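As structure tokens, the structure follows; a few thoughts come after it.
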Number of protein chains: 2
Amino acid sequence: MRNFIAMLSFTEENYLKALLHITIEVEHKNAAGTNELAGYLGVKPATATDMLRKLKEKQLISYEKYGKISLSDTGRKKAIEILRKHRLWETFLYEKLEFTWDEVHEVAEQLEHIQSQKLVDKLDKFLGFPEYDPHGDAIPTASGELKPSYKKTLSEAAEGTTCRMVAVKDNTVAFLKYVSQLELGINTHIDVLSRQPYDGSMEIAINGKNITISQKFAENILIV
Amino acid sequence: MRNFIAMLSFTEENYLKALLHITIEVEHKNAAGTNELAGYLGVKPATATDMLRKLKEKQLISYEKYGKISLSDTGRKKAIEILRKHRLWETFLYEKLEFTWDEVHEVAEQLEHIQSQKLVDKLDKFLGFPEYDPHGDAIPTASGELKPSYKKTLSEAAEGTTCRMVAVKDNTVAFLKYVSQLELGINTHIDVLSRQPYDGSMEIAINGKNITISQKFAENILIV
DNA sequence: TATAAATGTTAGATAAACCTAATTCAGGAT
DNA sequence: ATCCTGAATTAGGTTTATCTAACATTTATA
Ligand SMILES: [Mn+2]
Ligand SMILES: [Mn+2]
Ligand SMILES: [Mn+2]
Ligand SMILES: [Mn+2]
């Protein structure tokens, strides 16, 4: 696996994708902190500092000592490419290889780092240029456009309303398994029956069945 | 990408696959030398020595200082798994994504290292349990069986005979491009017209057209 | 068999990505 | 204005995979 012009390591790619996730995808803020980034990636802050210096050197982020971190234009473009590959592979696994919704992320985390422009283009075509991945997240286009998410969380839904699940915020296996167990999935219709003021737990109805969920759980279900 | 029990690094996997290639696939001998292995992998002999000590430690090869190297049963099993993934991915790229015959190897070299048993099984099924890859090489089965090759090289074919191309020995881009250029491919019928005793160059006919090829080239075309 | 050539190993460095422990800095609270 | 605290950085290590240069062993050849 020889090096192309300015080819990035798996690790560098993961840092860029993490920054995209923190700054754009989740919070709609545009800067991240060292500890926040390190926490997200499961490394120590000292490790992140080293990498931040390297990414700045390569002009992929803007960052000053003790300051906030944000992606440069090149860095963001690169991060969006990786996100595009991640979501295309998730779609492939789900649509073509009979993977379940909660299994795709782990494998896509590896596949997203395969280097071949032709592979991405052909995969996209093979899948029929999909717009959304199996979690309901928008797939960035070949030209690098990433639709903003208009999603809100189930914990924000008003009592007495009905909504439709479109994605999840948490991608851990534990969470996704619990989701399946409750027979929740993409496009499941949810009736919001009531919310407990004490701890934010909610009673909801899915497929005609009433269940109670915690606030923590509701905060990780995205709806339209 | 957390570590599974006894998970191997990309590098360790590449060493095992190289040993399989040298000892079984190409020469049908059962032992390799340090320089030979290092040469094949494009590293220095000193580097290979270090890795050999590690692979012995992990009981993946049998090897004594200054002695010959061969795969242990575990090592061979692991190497065959990687070769299986390599050839399944090549088949996928060729059959489903419209890659050409000479483009698949490079990308499969990356894809072969993806860790997911389910992915391999489902990919195999998706492709209809193929027996041969786009280069005509046998794909190891799920249970680890690898059909021996009965191929001989075009340079060994007798004058006046007709044969069929089934595979190539060389997988470099330069070689494969030249093959395409000559309009040679899997299953092309070749008439062996004559061989020059001086340098082993041969005159052959393909698709009714006469061409002359070098001995070096003929040694890398496999036929039945 | 003695020597030369080829093959293989060791020693000592480097770069990437990580760690722990110690230190520095910036912003909020007295 | 000073202090405290949490955030961030630095210093000093480790591990993996690589290298070069020097050394050791085996094999081939004269
Ligand atoms: Mn995902
Ligand atoms: Mn990743
Ligand atoms: Mn190949
Ligand atoms: Mn490989």
Side-chain angles (χ1 to χ4, degrees), chain A residues 1-4 6-19 22-23 27 29-70 75 78 82 109-110 112-113 115, chain B residues 1-4 6-19 22-23 27 29-58 60-70 78 82 109-110 112-113 115:
Chain A
M1 192 170 2
R2 53 217 135 315
N3 261 45
F4 295 64
M7 210 181 81
L8 303 176
S9 68
F10 281 31
T11 308
E12 290 169 321
E13 291 196 346
N14 283 337
Y15 274 82
L16 293 182
K17 196 173 63 128
L19 282 170
I22 291 171
T23 59
E27 298 292 347
K29 57 189 179 183
N30 59 10
T34 302
N35 285 358
E36 185 180 19
L37 177 61
Y40 182 84
L41 287 166
V43 299
K44 299 291 154 171
T47 305
T49 301
D50 283 347
M51 181 58 81
L52 289 172
R53 207 178 298 108
K54 193 180 5 162
L55 293 175
K56 189 205 161 110
E57 192 68 31
K58 295 193 178 187
Q59 308 196 14
L60 294 163
I61 61 174
S62 90
Y63 157 74
E64 296 303 331
K65 233 205 267 190
Y66 291 105
K68 287 293 170 191
I69 311 147
S70 59
K78 191 70 206 166
I82 302 158
E109 205 56 47
Q110 299 177 58
E112 71 189 1
H113 302 289
Q115 303 290 332
Chain B
M1 192 172 3
R2 53 217 138 311
N3 261 45
F4 295 65
M7 212 181 80
L8 303 176
S9 68
F10 280 31
T11 308
E12 290 169 321
E13 290 196 346
N14 282 337
Y15 274 83
L16 293 182
K17 195 173 63 128
L19 282 170
I22 292 171
T23 59
E27 298 293 346
K29 57 189 179 184
N30 59 9
T34 303
N35 285 359
E36 187 182 18
L37 177 62
Y40 182 83
L41 287 165
V43 299
K44 299 291 155 172
T47 307
T49 301
D50 284 347
M51 182 56 82
L52 289 173
R53 205 177 299 108
K54 191 177 13 161
L55 293 175
K56 189 206 162 113
E57 192 68 31
K58 295 193 177 187
L60 294 163
I61 60 174
S62 87
Y63 157 74
E64 297 303 330
K65 231 205 266 191
Y66 291 107
K68 287 294 170 189
I69 310 147
S70 60
K78 192 70 206 167
I82 302 158
E109 205 57 46
Q110 299 177 59
E112 71 189 1
H113 301 289
Q115 302 290 332

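Quick note on labels: first sequence line is chain A, next is B, and so on, each numbered from 1. All of these numbers come straight from a predicted model, not from anything done at the bench. Basis for what follows: all heavy atoms, side chains included, without hydrogens, waters or symmetry-related copies.
Taking the side chain of A:Lys68 as heavy atoms from C-beta on, and the options C:dT10, D:dA8, D:dT10, the nearest nucleotide is D:dA8. The side chain of B:Tyr63 sits closest to C:dT9 out of C:dT9, C:dT20, C:dT7. Relative to the side chain of A:Lys65, the nucleotides D:dC19, D:dA7, D:dT10 differ in distance, and D:dT10 lies closest.
In A:Lys56, the NZ atom is crowded: over 12 heavy atoms of neighbouring residues, nucleotides or ligands sit closer than 6.0 Å.
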What's the verdict on side-chain contact (heavy atoms from CB on, under 4.5 Å) for A:Asn14 and A:Glu109, showing C-alpha distance, side-chain angles and the deciding distance? CA-CA 9 Å; A:Asn14 283 337; A:Glu109 205 56 47; 3.9 Å; yes
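A close approach under 4.0 Å does occur between a side-chain nitrogen or oxygen of A:Thr49 and OP1 or OP2 of D:dT9. Phosphate contact (OP1/OP2 of C:dT10, side-chain N/O of B:Tyr66, threshold under 4.0 Å): absent. The side chain of B:Arg53 contributes no N or O atom lying less than 4.0 Å from OP1 or OP2 of C:dT9.
As a whole-Å value, the separation of A:Lys54 NZ from C:dC18 P is 9 Å. Rounded to an integer number of Å, the gap from B:Leu41 CG to D:dC19 P is 10 Å. Between the C1' atom of C:dA5 and the CG atom of B:Asn35 lies a distance of 13 Å, rounded to the nearest Å.
Residue A:Thr11 is in sugar-phosphate contact alone, with no base atom involved, counting any heavy-atom pair closer than 4.0 Å across all strands shown.
Listed here is the closest heavy atom pair of B:Leu52 and B:Leu37: CD2-CD2, 3.8 Å.
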